[in-house]
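Starting from 1, each residue takes its place in the sequence as its number.
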Amino acid sequence: MKHLFTLLPLLFVLTYASADDVLRVDFRERPPEMGAVDGHPSGPLVSVLKTAAQRTGVRLQWRQAPFLRSLEDLRAGRVDLVPRVLLTEQRLDYIHFLPSIGNQQLNVRFVVHPGQERTLQHYGDLYGLSVGVKRGTIYFEPFDSDPRLQRIYASDDAQLAAMFRAGRLDSIAVIDLMPLQAQFATLGFQNYSFSDYVHQQALGNRFGASLKRYNSDRRALYDRLGNELEQMRIRGEIGRIYRRHGVPPPDEAN
């Protein structure tokens with residue numbers, strides 16, 4: 001009997017961390033919040049999720065993937081979680097959003113050719129310009145659906161940078177500036193500037209989970225993880241993790 005009681009904690013751990021408690025998580029290059037270091041996921045968003053997963057008995061399997069592929073795999077239930085997915089009505093059809101870890105100022109800026117800064121001062125000045133955007137990225141309304149705008153779609157920052165350098169774009173709409181600047185640096189290109197017009201917005205930073213999996217066999221697991229993330233935000237742990245990485249934290253206010 002004594003040996004049985006000794007084994008009970010071990011049996012509990014083995015049961016709690018079963019194969020059903022392994023989550024497949026995608027990440028991508030989105031510095032300074034997340035990226036790859038020697039092929040491994042790194043950054044404050046990664047640390048936040050690792051901390052919450054460890055406390056809830058969840059193991060994580062990471063995969064580096066383009067954002068469009070991640071969205072497709074969320075829809076099909078081939079991946080469980082994707083960090084930093086903006087909440088939209090359209091995405092609610094196939095994504096279950098975990099509680100926000102905080103609000104962030106995610107302004108949309110517009111890259112322009114030098115000397116064109118003042119020609120783009122208001123939203124209406126976008127009409128008549130060829131504006132590069134990343135396929136699958138949500139910017140803001142009415143920009144995302146305005147039929148009068150000439151949006152030129154690209155698969156990633158590298159393609160946008162190359163198109164702009166070649167003169168095929170008048171402007172690029174950008175939320176995450178660092179990845180695009182990194183691509184310009186790779187090309188040895190510095191002949192760009194920013195318009196006077198900036199669309200200002202504060203948005204929640206959320207992990208997107210597969211709604212298909214949530215409605216089948218992962219509801220309790222996703223809710224458990226989401227509850228821990230919410231408590232981490234309330235306790236101020238999210239901010240502390242970001243500051244340890246030297247990254248400004250999301251606003252922890254409601």
Between R63 and D73, is there a salt bridge with N-O shorter than 4.0 Å? yes
Does L129 have any side-chain contact (heavy atoms from CB on, under 4.5 Å) partners at least two apart in sequence or in another chain, and if so, which? L120, V131, D170
Note, K50 side chain near V46 side chain (heavy atom, < 4.5 Å): yes
Restricting to non-hydrogen atoms, name the atom on T88 and the atom on F97 that form the minimum distance, rounded to 0.1 Å. N-CZ, 4.5 Å
Mind running side chain to side chain contact (heavy atoms under 4.5 Å, CB included) on I95 and V85 for me, showing each step along the way? CA-CA 9 Å; I95 296 178; V85 180; 4.0 Å; yes
State the CD-NE2 distance between Q64 and H40, to the nearest 0.5 angstrom. 11.5 Å
Please examine the side chains of R218 and L23, heavy atoms only from C-beta on, and report whether any two atoms are closer than 4.5 Å. yes
If I compare all heavy atoms of E29 with all of G35, which pair ends up nearest, and what's the gap? OE1-CA, 3.5 Å
Is there a side-chain contact between V25 and Q61 in this structure, where contact means two heavy atoms from C-beta onward sitting under 4.5 Å apart? no
Between the side chain of R151 and the main-chain N/O of D146, is any donor-acceptor distance below 3.5 Å? yes
Does the separation of the ring centres of Y192 and F184 fall below 6.0 angstrom? yes
Does CD belonging to Q54 count more than 12 external heavy atoms closer than 6.0 Å? no
Work out which heavy atom in N191 is nearest to a heavy atom in F164; give both atom names and the distance. O-CE2, 4.1 Å
Are the charged groups of D223 and R219 less than 4.0 angstrom apart, N to O? no
Tell me whether R59 is salt-bridged to D21, with the criterion being a basic N under 4.0 Å from an acidic carboxylate O. no
So, do V108 and V198 sit near enough that their side-chain heavy atoms are less than 4.5 Å apart? no
With hydrophobic residues grouped by side-chain heavy-atom distances under 4.5 Å, do L68 and V82 end up in a single group? no
Any heavy-atom pair between the side chains of L60 and L49 that's under 4.5 Å? yes
For residues R91 and L71, determine if any side-chain heavy atom of one lies less than 4.5 Å from a side-chain heavy atom of the other. yes
Which residues pass the side-chain contact (heavy atoms from CB on, under 4.5 Å) test with M163, not counting sequence neighbours? I152, A154, Q159, R168, L169
Shortest non-hydrogen contact from L92 toward L211: O-CD2, 3.6 Å
Answer with yes or no after comparing the ring centroid distance for Y139 and H199 against a 6.0 Å cut-off, counting only values under it. no
Taking all non-hydrogen atoms of both residues, which atom of V112 and which atom of S195 are closest, and how far apart? CG2-N, 3.7 Å
The side chain to side chain donor-acceptor pair (under 3.5 Å) partner of K134 among D157, D176, D156 is D157
Answer yes or no: does atom CD of Q190 have more than 12 heavy-atom neighbours from other residues, nucleotides or ligands under 6.0 Å? no
Does Y197 have its ring centroid less than 6.0 Å away from the ring centroid of F110? yes
Can you list the residues that meet the side-chain contact (heavy atoms from CB on, under 4.5 Å) rule with L106, with sequence neighbours excluded? R84, L86, Q104, I175, L203
Can you measure from CZ (F207) to CD1 (I101) and round to the nearest 0.5 angstrom? 5.5 Å
Looking at E72 and S70, would you say the former's side chain and the latter's main chain have a donor-acceptor pair under 3.5 Å? no
Have S130 and Q150 got a donor and an acceptor in their side chains that come within less than 3.5 Å? no
Just one of R243, R244, R55 clears the salt bridge (Lys or Arg N to Asp or Glu O under 4.0 Å) bar with E237, so which one? R55
Side chain S171, main chain V111, donor-acceptor under 3.5 Å: yes
Would you name the heavy atoms of P32 and P44 that are closest together and state the gap between them? O-CD, 3.3 Å
Taking V79 as the starting point, is it possible to reach L81 by hopping between hydrophobic residues whose side chains are less than 4.5 Å apart? no
Any carboxylate oxygen within less than 4.0 angstrom of a Lys/Arg side-chain nitrogen, looking at R109 and D196? no
Using side-chain heavy atoms (C-beta onward) and a distance below 4.5 Å, is P250 in contact with I238? yes
With under 30° as parallel and over 60° as perpendicular, where do the rings of Y214 and Y222 fit, or are they tilted in between? parallel
Flag the pair S210 / H96 as yes when at least one side-chain heavy-atom distance between them is below 4.5 Å, and no otherwise. no
